[in-house]
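To start, the structure under review is shown below, and the notes come after it.
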Amino acid sequence: MPQQYDGRPPTCPPWCELGHGIHTGEDDTVHIGGKLCVRNTLMRLVATIDPETGAQDGPYVLMGTQELTITEVHDLIAALTTLAANAATAATATNLAANAATAARAATPRIPSPREAV
């Protein structure tokens, strides 16, 4: 028979959204966070915590079919942030160059054609 809890087990992390006390054995030690969907990829925070010993495995981020450690998630965030910053810098540099070229053309005195001079 599943262990019954008055609410959440004491080892349940605050981010867990799973109902406890309705599963038996190891299934009741799994903790699952809310769903987050990014570009059609489901992500969730998961961990297992033994309620008797407190031994913990995780938390991990499930990203689609991949299981990432928190360190790997931080590395991914840093890499994506760097890529986004580089793209923004490149876009800014391109815009600055285009603006400079436009300003240079506007600042160059226009020499009228011989027909306009008459």
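Just so we're clear, the structure is a prediction, and the values are computed from it rather than from any experiment. Quick note: residue numbers are just sequence positions, from 1.
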query: Which residues pass the side-chain contact (heavy atoms from CB on, under 4.5 Å) test with T71, sequence neighbours left out?
result: T69, D75

- prompt: Going through the checks in order, is the side-chain contact (heavy atoms from CB on, under 4.5 Å) test met by L36 and R44?
  reply: CA-CA 6 Å; L36 176 63; R44 295 186 102 145; over 6 Å; no

Could you go through residues 56-68 and list every donor-acceptor pair under 3.5 Å that involves a side-chain atom there, pairing it with any protein atom two or more places apart or in another chain?
residue, atom, partner, partner atom, Å
Q56, NE2, G58, O, 3.0
D57, OD1, Y60, OH, 2.7

task: Say whether W15 and L18 are linked into one hydrophobic cluster, either directly or through other cluster members, by side-chain heavy-atom distances under 4.5 angstrom.
output: no

- request: Mind jotting down which residue pairs meet the ring pair (Phe, Tyr, Trp, His ring centres under 6.0 Å) criterion with at least one end in residues 29-50? Sequence neighbours excluded, please.
  value: H20-H31

- prompt: Hey, what do you get for CG (L80) to CD1 (I77), rounding to the nearest 0.5 Å?
  reply: 8.0 Å

- request: For residues T48 and V30, report the shortest heavy-atom separation together with the two atoms involved.
  value: CG2-CG2, 3.8 Å

field: Inter-residue atom distance I49.CD1 - C12.SG, 0.5 Å rounding
entry: 7.5 Å

query: Are V46 and L42 grouped together when hydrophobic residues (ILVMFWY) are joined by side-chain heavy atoms under 4.5 angstrom apart?
result: no

